[in-house]
Amino acid sequence: IITTASVSTALPSAKPKPVKSQDIINALAGTYTLVNTSSTLNNVPVPDATYGEAPVGILTYSKSGYVSATISATEPAFRPNVAFPYQDSDLDSDWALVGKHTIGYAGPFRVNEALPANKTHGQVFHGPLVVANVPTLMGKEQKRNYTVVRKGGETLLRIGSDRGGGYKGVLWWKKV
């Protein structure tokens with residue numbers, strides 16, 4: 001005779017087992033290079049004026065729960081010939097142009113546990129940011145929707161974000 005308890009334990013659970021946040025962080029951990037970006041304004045495609053037509057970038061997630069992101073336009077019109085460290089002969093307008101077409105930030109990141117998430121899709125918070133080249137980002141959290149796609153031996157990471165004012169962005173990254 002089979003008891004009810006043994007039948008219920010033998011059947012697969014209808015509810016998937018929740019994935020621990022640290023397992024998701026471990027799955028995302030690594031360094032990614034930017035593949036491309038796209039932007040919309042009120043769901044209508046628009047040029048990604050901030051990053052230009054051929055941006056470069058690096059996104060790094062650590063297993064200890066930190067993120068670092070840097071993206072820069074590559075067009076000469078957005079990249080005047082300035083020096084680092086800053087030189088007295090550099091024009092403020094040139095540095096402003098570089099700053100307008102570059103983003104860089106770092107800080108802790110965590111999984112948004114209020115939404116369903118697993119190793120291939122969900123939402124993370126970047127922040128509160130402890131480093132940011134845009135002063136208004138300091139101390140703030142950035143919501144990022146993620147989807148991991150494995151294709152032909154490569155791992156691609158799709159990051160979607162709401163940039164405010166009706167602007168949304170999608171960035172594709174390749175794990176290196």
Side-chain angles (χ1 to χ4, degrees), residues 12-41 43-75 78-79 98-99 101-134 137-164 166-176:
S13 171
K15 205 174 198 182
K17 193 174 171 184
V19 178
K20 294 178 185 175
S21 289
Q22 187 61 52
D23 291 340
I24 295 170
I25 289 170
N26 291 346
L28 292 173
T31 300
Y32 301 81
T33 185
L34 186 63
V35 175
N36 65 46
T37 70
S38 62
S39 292
T40 59
L41 175 57
N43 298 317
V44 176
V46 294
D48 203 335
T50 299
Y51 302 135
E53 293 182 19
V56 293
I58 296 288
L59 174 67
T60 302
Y61 287 114
S62 74
K63 289 183 179 183
S64 60
Y66 278 81
V67 61
S68 177
T70 307
I71 303 173
S72 178
T74 59
E75 289 90 336
F78 299 150
R79 310 279 301 158
V98 170
H101 297 284
T102 305
I103 185 89
Y105 66 77
F109 86 99
R110 64 185 172 83
V111 176
N112 182 353
E113 294 182 355
L115 297 176
N118 59 39
K119 293 178 184 179
T120 60
H121 64 277
Q123 187 178 78
V124 294
F125 293 108
H126 292 181
L129 300 178
V130 296
V131 174
N133 73 322
V134 178
L137 294 179
M138 287 295 295
K140 302 285 196 257
E141 285 190 331
Q142 305 294 312
K143 277 193 256 182
R144 301 291 186 254
N145 299 314
Y146 69 89
T147 303
V148 176
V149 177
R150 290 184 177 79
K151 187 175 180 180
E154 294 183 333
T155 299
L156 300 172
L157 177 63
R158 180 189 187 274
I159 297 288
S161 64
D162 185 339
R163 297 176 177 170
Y167 286 95
K168 293 182 181 178
V170 173
L171 293 84
W172 281 93
W173 302 86
K174 183 175 83 172
K175 198 167 196 175
V176 294

Without placing hydrogens or testing angles, list every side-chain donor-acceptor pair under 3.5 Å for residues 53-61, not counting sequence neighbours.
from : atom 1 : to   : atom 2 : distance (Å)
Y61  : OH     : H126 : NE2    : 2.7

Between [X] and [Y], a side-chain donor and acceptor under 3.5 Å:
{"X": "T50", "Y": "R163", "result": "no"}
{"X": "R150", "Y": "T120", "result": "no"}
{"X": "S161", "Y": "Q142", "result": "no"}

With rounding to the nearest 0.5 angstrom, report the [atom1] to [atom2] distance, [X] to [Y].
{"X": "K140", "Y": "L129", "atom1": "NZ", "atom2": "CG", "result": "10.0 Å"}
{"X": "S68", "Y": "F109", "atom1": "OG", "atom2": "CZ", "result": "12.0 Å"}
{"X": "T147", "Y": "R158", "atom1": "OG1", "atom2": "CZ", "result": "5.5 Å"}
{"X": "K119", "Y": "I24", "atom1": "NZ", "atom2": "CD1", "result": "8.5 Å"}
{"X": "R144", "Y": "I159", "atom1": "CZ", "atom2": "CD1", "result": "8.0 Å"}

* side chain to side chain contact (heavy atoms under 4.5 Å, CB included) between S21 and E113: does it pass, once the steps are laid out? -> CA-CA 8 Å; S21 289; E113 294 182 355; 2.4 Å; yes
Check [X] against [Y] and note the closest heavy-atom contact, atom names and distance.
{"X": "P128", "Y": "E141", "result": "N-CG, 3.8 Å"}
{"X": "M138", "Y": "A132", "result": "SD-N, 3.4 Å"}
{"X": "V111", "Y": "A117", "result": "CG1-CB, 4.0 Å"}
{"X": "A73", "Y": "G52", "result": "CB-N, 4.3 Å"}
{"X": "I25", "Y": "S62", "result": "CG2-O, 3.6 Å"}

Note, [X] side chain near [Y] side chain (heavy atom, < 4.5 Å):
{"X": "L28", "Y": "L157", "result": "yes"}
{"X": "V35", "Y": "E154", "result": "no"}
{"X": "S38", "Y": "P45", "result": "no"}
{"X": "H121", "Y": "V148", "result": "no"}
{"X": "I103", "Y": "T70", "result": "no"}
{"X": "Y105", "Y": "N133", "result": "no"}
{"X": "Y51", "Y": "T102", "result": "no"}

* With side chain to side chain contact (heavy atoms under 4.5 Å, CB included) as the test, would you mind laying out the steps for I71 and L34 before giving the verdict? => CA-CA 8 Å; I71 303 173; L34 186 63; 3.9 Å; yes
Indicate every side-chain donor-acceptor pair of residues 167-176 with a distance under 3.5 Å to a residue at least two apart or in another chain.
from : atom 1 : to  : atom 2 : distance (Å)
K175 : NZ     : A29 : O      : 2.9

* Identify, with sequence neighbours excluded, every residue that meets ring-ring contact (aromatic ring centres under 6.0 Å, His included) alongside F125. =>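 Once residues adjacent in sequence are excluded, F125 has no partner under the ring-ring contact (aromatic ring centres under 6.0 Å, His included) criterion.
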* With F78 via ring-ring contact (aromatic ring centres under 6.0 Å, His included) - residues at least two apart ->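 Expected list: H101.
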* To do: Taking side-chain hydrogen bond (donor to acceptor under 3.5 Å, both in side chains) as the test, write out the residues that go with Q22, two or more places apart.
  =>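 Only N26 meet the side-chain hydrogen bond (donor to acceptor under 3.5 Å, both in side chains) criterion with Q22.
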* With sequence neighbours left out, what residues match T37 under side-chain hydrogen bond (donor to acceptor under 3.5 Å, both in side chains)? ->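 side-chain hydrogen bond (donor to acceptor under 3.5 Å, both in side chains) list for T37, sorted by chain: D48.
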